[in-house]
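For the single chain, residues carry numbers from 1 onward in sequence order.
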Amino acid sequence: MKTRDVVLISLLSVGAAVLLFAVAAYLYINRRRRKREDDEDGTSCAIRADSSATDSGRDKNISRLNGFLNLKTPLISTKTLGAQLETTSTSSPQAKSPASSSAGAAAGASTAQGERTPTAHNKQLQNVKGQDHPTHPSMAFLQNRSISLVDMYIDNSEPSENVGQIHFSLEYDFQNTTLILRIIQGKELPAKDLSGTSDPYVRVTLLPDKKHRLETKIKRRTLNPRWNETFYFEGFPIQKLQSRVLHLHVFDYDRFSRDDSIGEVFLPLCQVDLSEKPSFWKALKPPAKDKCGELLTSLCYHPSNSVLTLTLLKARNLKAKDINGKSDPYVKVWLQFGDKRIEKRKTAVFKCTLNPVFNDSFSFNVPWEKIRECSLDVQVMDFDNIGRNELIGRILLAGKNGSGATETKHWQDMITKPRQTIVQWHRLKPE
């Protein structure tokens, strides 16, 4: 009996120790993750969410804001605009997709609900309008675009699959430095539940800030939801908006499991003329199934001297390969003719990052008559001091058998537009 008791006590002690270790590891990892989120660039503004419809959705936490969020330490200058925009009550006819008359009525209803009483216009604006100025004050921000931001989030490629569309509108209150977002409706969303429907809602962020986010109410059992909700981003001077990207991410709510991603839209605000109160229909992009990351490259070919130039600009959201949740990425490039490798180049190694900026160019001598036969095998690698370097992801840039439609089109655009630099984001593919 004594021996059995000793064995039982030993087993219980070992089990308790293992359990305590697992709990401690979980708390440590969770704390590190929260600290990393807190270190991200924060939005120094006040955010309000107004809802025009009620829903029996889940209770909101601090991320889902129904009232007023005021961050005490402002990081954004609140300089007033030299001239204000004279707003009109008519919305823009720039809808990106043909919407039905009912959709238009919904948009009008949302606009009416989200409007706030306009204040008296500044007389200086009228004086400015009377002069022969080539640029309207509200358009000044369009001339100072953040190229790096546009390159980071712009994606003109077609969605790999149809996951529906989202209808929303934007407006800017110049007097109160407030961006007004109205999420109107979704259309033709995919079914994520066994019932053949979904429970969609939209998560809203103004990148690069990912810490503060807003969410619409959940619409139950529908593939064509109507949210008609308005969000106010207060304390945003127009100059600051050009460095922000509107991110709308549609999810399917699940009570007993993790919410499913349906699709998302990125809209750099430096590309939007807010003076027109634009309305958009945007096709949702499906979430990346192979989460290897993305690579921004440019191609240029000079037929006169037969020089093919590949520029590796930057990568984003690379897959972590190391224990610390990071990677040590570098890029290896092979010039190929058919299956035969001719010439190899590679970049420097960037330590502990998932978003490296390479800014490295490689030139290859390729005769014009061979340009359609060659290809570039671009491999993003993770460097290891001990052991073999691991592949993070790769693309094949070629005119015929590229690794995807985007890669093939990029090569063809380079050929049809000689001496021009063609820039394109590419999703990395696994082995």
Min side-chain heavy-atom separation Leu312-Val333 under 4.5 Å: yes
Arg258/Asp254 ion pair, N-O < 4.0 Å: no
Considering all heavy atoms, the nearest Asp382-Lys321 contact: OD2-CB, 3.3 Å
Determine yes or no for a side-chain-to-main-chain donor-acceptor pair under 3.5 angstrom, with Asp328 supplying the side chain and Cys352 the backbone. yes
What residues form a ring-ring contact (aromatic ring centres under 6.0 Å, His included) with Phe251, not counting sequence neighbours? Tyr201, His249
Salt bridge or not between Glu215 and Arg203? Use side-chain N to carboxylate O under 4.0 Å. yes
Interatomic spacing from OG in Ser169 to CD1 in Ile184 - rounded to 0.5 Å: 4.5 Å
Would you say the ring centroid of Phe350 lies under 6.0 angstrom from that of Tyr330? no
Kindly write out the residues that satisfy ring-ring contact (aromatic ring centres under 6.0 Å, His included) with Phe364, not counting sequence neighbours, or none if the list is empty. none
Nearest-0.5 Å distance that lies between atom CD in Glu188 and atom CG in Asn162: 6.0 Å
Within the 6.0 Å centroid threshold, strictly below: Phe231 and Phe233: no
Going by the side chain to side chain contact (heavy atoms under 4.5 Å, CB included) test, name the single residue among Leu241, Val265, Leu206 that passes it with Leu246. Leu206
Evaluate the side-chain proximity of Asp322 to Asp384: yes if any heavy-atom separation is below 4.5 Å, no if none is. yes
When rounded to the nearest 0.5 Å, the distance separating SG of Cys374 from CG of Leu376 is 6.5 Å
Rounded at 0.5 Å granularity, tell me how far CD in Glu229 sits from CG in Leu181. 10.0 Å
If you take all heavy atoms of Pro190 and Ser198, which pair is closest and at what distance? O-OG, 2.8 Å
Residue pair Thr353 / Asn355, side-chain donor-acceptor N/O under 3.5 Å: no
Should we say atom CG of Asn359 is surrounded by more than 12 heavy atoms from elsewhere, each under 6.0 Å from it? yes
What I'd like to find out is whether the side chain of Tyr301 reaches to under 4.5 Å of the side chain of Thr309, using heavy atoms alone. no
Taking side chain as C-beta onward, heavy atoms only, is Thr311 less than 4.5 Å from Thr297? no
Identify, with sequence neighbours excluded, every residue that meets ring-ring contact (aromatic ring centres under 6.0 Å, His included) alongside Phe362. none
Salt-bridged, Lys219 to Asp199, with N to O below 4.0 Å? no
May I ask you to establish whether Lys187 and Trp281 are in a cation-pi arrangement, using a distance under 6.0 Å from NZ or CZ to the six-membered ring centre and at most 45° from the ring axis? yes
How are the rings of His426 and His410 set to each other: parallel, tilted or perpendicular (split at 30° and 60°)? parallel
Intermediate values then yes/no, side chain to side chain contact (heavy atoms under 4.5 Å, CB included), Val378 and Val331: CA-CA 7 Å; Val378 183; Val331 182; 3.6 Å; yes
May I ask you to test the Leu189-Asp252 pair for a side-chain heavy-atom distance under 4.5 Å? no
Backbone N or O of Phe174 within a donor-acceptor pair of the Thr178 side chain at under 3.5 Å? no
Asp193 (side chain) donor-acceptor with Gly196 (main chain) under 3.5 angstrom: no
Taking the side chain as every heavy atom from C-beta outward, state whether Met414 and Ile371 have any pair of such atoms under 4.5 Å apart. yes
Pro200 side chain near Thr222 side chain, heavy-atom distance below 4.5 Å: yes
In this structure, CD of Glu171 is separated from CG of Leu179 (nearest 0.5 Å) by 9.5 Å
Is it the case that more than 12 heavy atoms not belonging to Arg341 sit under 6.0 Å from its CZ atom? yes
Which atom of Lys319 lies closest to which atom of Ile392, heavy atoms considered: N-CG2, 3.9 Å
Scanning both residues in full, the closest heavy-atom pair of Leu299 with Trp411 reads CD1-CE3, 3.9 Å
Within the 4.5 Å heavy-atom criterion, are Pro225 and Gln185 side-chain neighbours or not? no
Can you give me the closest heavy-atom contact between Arg182 and Thr230, atom names plus distance? CG-OG1, 3.6 Å
For the student: nearest non-hydrogen atoms of Pro278 and Val272, plus distance: CG-CG1, 3.5 Å
Are there more than 12 heavy atoms of other residues, nucleotides or ligands under 6.0 Å from atom NZ of Lys409? no
So Ile183 and His167, side chain to side chain contact (heavy atoms under 4.5 Å, CB included) or not? Walk me through it. CA-CA 7 Å; Ile183 299 180; His167 186 197; over 6 Å; no
Within the side chain of Arg372, is there an N or O that forms a donor-acceptor pair under 3.5 Å with the backbone of Ala398? no
Closer than 3.5 angstrom, by distance alone: can the side chain of Ser298 be matched with the main-chain N or O of Val423 as a donor-acceptor pair? no
Nearest 0.5 Å please: distance from the CG atom of Leu269 over to the OH atom of Tyr172. 11.0 Å
Walk me through it: do Ile415 and Trp368 pass the test side chain to side chain contact (heavy atoms under 4.5 Å, CB included)? CA-CA 9 Å; Ile415 295 175; Trp368 171 251; 3.8 Å; yes
Greater than 12 external heavy atoms within 6.0 Å of Lys370's NZ: no
Evaluate the side chain to side chain contact (heavy atoms under 4.5 Å, CB included) criterion for residues Leu318 and Cys292: first the C-alpha distance (whole Å), next the side-chain angles of each, then the deciding distance (0.1 Å), finally the verdict. CA-CA 5 Å; Leu318 295 180; Cys292 299; over 6 Å; no
Does this structure show an ion pair linking Glu407 with Lys429, if we count only N-O contacts that are shorter than 4.0 Å? yes
I'd like to know if the side chain of Thr205 pairs up with that of His212 as donor and acceptor (distance under 3.5 Å, no hydrogens or angles considered). no
